[in-house]
Amino acid sequence: MGNVRVRFAPSPTGYLHIGGARTALFNWLWARKNEGSFILRIEDTDLKRSREEALGSILDSLRWLGLDWDEGPEKGGPAGPYFQSERIELYRQHAERLLASGRAYHCYCSPEELTERREAMRREGKAPRYDRRCRDLTPEERRALESAGRRSALRLKVPDTGTTVVRDVIRGQVSFDNSSMDDIVIMKSDGMPTYNFACVVDDATMGITHVIRGEEHLSNTPKQLQIYEALDLRPPVFAHVPMILAPDRSKLSKRHGATAVEEFREDGYLPEALVNYLALLGWSPEGGEEIIGRAQMIEQFDLDRISKTAAIYDIKKLTWINGHYLREADLEVVVDLMLPRLKRRGLADESQRGYLRDVIVAVRTRVRTLTELEDAVSYYFTDDFPYEEKGSRKYLLKDGVADLLREAAQCLAAVPDDHFTVEGTERAYRQLIADLGITGGKLIHPTRMALTGRTVGPGIFDVISLLGKRRVLERLNKAIDWVEAQREEP
RNA sequence: GGCCCCAUGGUCGAGUGGUUAAGACACGGGCCUUUCAAGCCCGAGACGGGGGUUCAAUUCCCCCUGGGGUCACCA
């Protein structure tokens, strides 16, 4: 597969969306698989919409996902510059060529006029099209328009007969009637190129071999093909990947919860999990693996295994995958990820690193995201937690529970400090259970409520040994007081 | 509306002219167990409809329906 060069070309108008992230991922995978180059190009020709912060955010997201680019912003490369706004001269040259060869012409219609005419046509029930009125202007007419101060855009002369066929690796051949194509604008009157034109010029001059992009671009492709043709340039291989839809089959938007990569990060998802999930959305490895690491992904990735159908994204599966990676992740990595989160909540700091490590080991099979982990870990770092309503009714506010907890406290108080371990405390508790002639649950459930405020969590002796004797006794006594106070009132 | 794309369980998806139509998430049940998870086992659940082609269509063709995309001096 020769020297593969692919690109991801976001416009800096917002955050990196999961759809864009997946497109970037597929490009990256294809480059890595073929030992080619993954190029990042910024499509900032729309002065009105481009924003400075958006660029940083997109770069951060890509870095976080581990999609490193070989050429592009902050990196440079032989095909630069990588910002379209810095390539204007190049577009002008190419436009000039088209003008010289008679494939392009000046159009003096103003955007307002065009919009007006379009709407008029629509009202008449006709397909809104450009009437090509500037196509055959005489030099005199042009001079007149120009001296009247009219600014002009450049349009491509698109043949009005014949068909343009897009050869797409995942969709086969798709034909479009040229007669349904407008004479597209290639240079705006402000001197900036339009998307389709800049895209073609850049892909061609950057030596892009494969254009892997979202399906929404499929209908742009015949226009681009016309530009390639007019410029006498060879088009790349196209691969239009299916869209990612929201659960209600509509286009993904903010009202469907997290859609930006940054949000997933904030919500406690791991990059490897998101990458794994995104890879599976529209592509599947031959062996059908669901959990697939980067290296394996690169090895197995292939354009011809990308599906044609739009996919609805399902946060449940992402969450499941994340849980898997969270459990498998290197413990120190998880600790590093958690420390800032706990710090932010005022729960822990660097000095508790060792303790945090032990706590994470105890709880991490029970959570699926870092955010869930924050919560699962909270009562190990603060005594200030509520007793879950349902749990306290079931385990705390029953007859004899206060006395039972008193026994429990006494029992654990008697365990020597150096035996206050999982084994040591369990031995003591089992003895107490036997002495009282009750089942284990009778003692364990109220204990869990007293120590954690919850009905669920790690094995109770893990909790006990983790918290340590002092805090266990304090919490037990606190619970006893609370139970008695509650039972007096109502 | 014109043009274009798509159509396998709730979701992601494998698959093929002849299969008991994979697997995963979610769901239900069980095992384990002090709880919840994790893990393991089991279960329910799909080829949108109608015509063709064929000995045989989920698979190939056409139509319909449904969904999506796109119709800018946005990208």
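Convention: sequence-line order gives letters A, B, ...; per-chain numbering from 1.
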*How about A/Arg51 and A/Pro12: do any of their side-chain heavy atoms sit closer than 4.5 Å?*
no
*Taking only side-chain nitrogens and oxygens of A/Arg327, does any of them come within less than 4.0 Å of OP1 or OP2 of B/G39?*
yes
*Under 4.0 Å between any heavy atoms, over every strand shown, what does A/Pro458 touch: base, sugar-phosphate, or nothing? Just pick one.*
base
*Decide yes or no, distance alone: a donor-acceptor N/O pair under 3.5 angstrom between the base of B/U35 and the side-chain of A/Arg454.*
no
*asked:* Need to verify one output field. Residue with the more 5' nearest nucleotide on RNA chain B, A/Gly440 or A/Asn220?
replied: A/Gly440
_Please check this pair: side chain of A/Arg475 against backbone of A/Thr452, looking for a donor-acceptor N/O pair closer than 3.5 Å._
no
*If you measure from the C1' atom in B/U19 to the same atom in B/A26, how many Å do you get, rounded?*
26 Å
*Under 4.0 angstrom, heavy atoms only, what part of the nucleic acid is A/Arg305 near: base, sugar-phosphate, or nothing?*
sugar-phosphate
*Between A/His210 and A/Phe26, is the ring centre distance below 6.0 Å?*
no
*Have a look at A/Thr455 and say if it touches a base, only the backbone sugar-phosphate, or nothing, with a 4.0 Å heavy-atom cut-off.*
base
*Using a cut-off of 4.0 Å on non-hydrogen atoms, how would the nucleic acid contact of A/Gly282 be classed: base, sugar-phosphate, or nothing?*
sugar-phosphate
*Where the side chain of A/Gln84 is concerned, which of B/C12, B/A75, B/U34 is the nearest nucleotide?*
B/A75
*asked:* Counting the atoms with a prime plus P, OP1 and OP2 as sugar-phosphate, which does A/Leu114 contact under 4.0 Å by heavy atoms, base, sugar-phosphate, or nothing?
replied: base
*Can you tell me the distance, in whole Å, between the CG atom of A/Leu40 and the C1' atom of B/A75?*
15 Å
*If we only count heavy atoms from C-beta on, is the A/Asp202 to A/Arg41 side-chain gap below 4.5 Å?*
yes
*Return the nearest nucleotide to the side chain of A/Arg366; candidates are B/C6, B/C36, B/C25.*
B/C36
*For B/C73, does either OP1 or OP2 sit under 4.0 Å from a side-chain N or O belonging to A/Arg118?*
yes
*Closer than 4.0 Å, any side-chain N/O of A/Arg155 to the OP1 or OP2 of B/C73?*
yes
*So what's B/C27 paired with, Watson-Crick or G-U wobble, going by both distances under 3.5 Å?*
B/G43
*asked:* Output the rounded distance in Å from NZ (A/Lys316) to C1' (B/C27).
replied: 9 Å
*Can you check the A/Tyr313 OH to B/A24 P distance for me, whole Å?*
23 Å
_Strictly by Watson-Crick or wobble contacts shorter than 3.5 Å, is anything paired with B/U33, and which nucleotide is it?_
none
*Of the nucleotides B/A14, B/U34, B/C25, which has the atom closest to the A/Ser284 side chain?*
B/A14
*Which part of the nucleic acid, if any, lies within reach of A/Cys199 when heavy atoms closer than 4.0 Å are counted: base, sugar-phosphate only, or nothing?*
nothing
*Within 45° of the ring axis of A/Tyr130 and under 6.0 Å from its six-membered ring centre, is that where the NZ or CZ of A/Arg155 lies?*
yes
*Which nucleotide sits closest to the side chain of A/Tyr195: B/C4, B/A75, B/U34?*
B/A75
*Tell me which nucleotide among B/C25, B/C73, B/A7 gets nearest to the side chain of A/Pro111.*
B/C73
*Give a yes/no on whether any side-chain N or O of A/Thr45 is located under 4.0 angstrom from OP1 or OP2 of B/C74.*
no
*Name the nucleic acid region contacted by A/Ser11, choosing base, sugar-phosphate or nothing; use a 4.0 angstrom heavy-atom cut-off, strictly under.*
sugar-phosphate
_Minimum-distance nucleotide to A/Leu218 side chain [options: B/A24, B/C4, B/U70]_ = B/C4
_Counting only side-chain heavy atoms from C-beta out, which of B/U70, B/C73, B/U34 sits nearest to A/Arg430?_
B/U34
_I want to verify a distance call: between B/A24, B/A7, B/U70, whose nearest atom is closest to the A/Ser219 side chain?_
B/U70
*Determine the contact category for A/Ser175: base if any of its heavy atoms lies under 4.0 Å from a base atom, sugar-phosphate if only primed atoms, P, OP1 or OP2 are that close, otherwise nothing.*
sugar-phosphate
_Below 4.0 Å: OP1/OP2 of B/C73 and any side-chain N or O of A/Thr194_ = no
*Rounded to the nearest angstrom, tell me the gap between atom NE2 in A/His217 and atom P in B/C3.*
23 Å
*Measure the distance from NZ on A/Lys223 to C1' on B/C4 and round it to the nearest whole Å.*
12 Å
*Using a 4.0 Å heavy-atom cut-off across all strands, classify A/Ser180 as base, sugar-phosphate, or nothing.*
nothing
*Where along residues 158-171 of chain A does a heavy atom come under 4.0 Å from RNA chain B, residue by residue in number order?*
A/Arg171
*Rounded to whole angstrom units, what separation is found between the CE atom of A/Met243 and the C1' atom of B/C4?*
14 Å
*asked:* For A/Gly441 versus A/Pro446, what's the shortest heavy-atom pair and its separation?
replied: O-CD, 3.8 Å
*Given A/Tyr277, which of A/Asp314, A/Ile18, A/Asn322, A/Thr319 fulfils the side chain to side chain contact (heavy atoms under 4.5 Å, CB included) condition?*
A/Asp314
*asked:* So A/Ala153, base contact, sugar-phosphate only, or nothing? Heavy-atom distance under 4.0 Å.
replied: base
*Any strand: nucleotide that pairs with B/C71 via Watson-Crick or wobble, under 3.5 Å*: B/G1
*Nucleotide nearest A/Ser307 when distance is taken to its side chain, options B/U34, B/G13, B/A7*: B/G13
*What interatomic distance, in whole Å, is found between P of B/A22 and the corresponding atom of B/G43?*
12 Å
_Nucleotide nearest A/Asp46 when distance is taken to its side chain, options B/C74, B/U35, B/G67_ = B/C74
*Indicate, with a heavy-atom threshold strictly under 4.0 Å, whether A/Lys442 touches base, sugar-phosphate, or nothing.*
nothing
*asked:* Using the rule given for ring pair (Phe, Tyr, Trp, His ring centres under 6.0 Å), can you reason through A/Phe461 versus A/Tyr429, listing the C-alpha separation, both sets of side-chain angles and the distance that settles it, and then say yes or no?
replied: CA-CA 9 Å; A/Phe461 303 107; A/Tyr429 243 42; 5.8 Å; yes
*When we call it a touch if two heavy atoms are under 4.0 Å apart, what does A/Ile460 touch: a base, just sugar-phosphate, or nothing?*
base
*Between B/C71 (P) and A/Glu215 (CD): distance, integer Å*: 14 Å
*With nearest nucleotides of RNA chain B determined for A/Glu426 and A/Cys107 from heavy-atom distances, which residue corresponds to the more 5′ nucleotide?*
A/Glu426
_Heavy-atom pair of closest approach, residues A/Gln84 and A/Cys199_ = NE2-N, 4.1 Å
*For A/His240 and A/Arg171, test the side chains for any donor-to-acceptor distance below 3.5 angstrom and give the result as yes or no.*
no
*Atom-pair distance (CD on A/Glu290; P on B/A22), nearest Å*: 15 Å
*Using the P atom in both, what is the distance from B/G2 to B/U59, to the nearest Å?*
27 Å
*Does A/Thr365 make a side-chain donor-acceptor contact with the base of B/A37, cut-off 3.5 Å?*
yes
*Taking the side chain as C-beta and beyond, is there a heavy-atom pair between A/Leu404 and A/Leu436 under 4.5 Å?*
yes
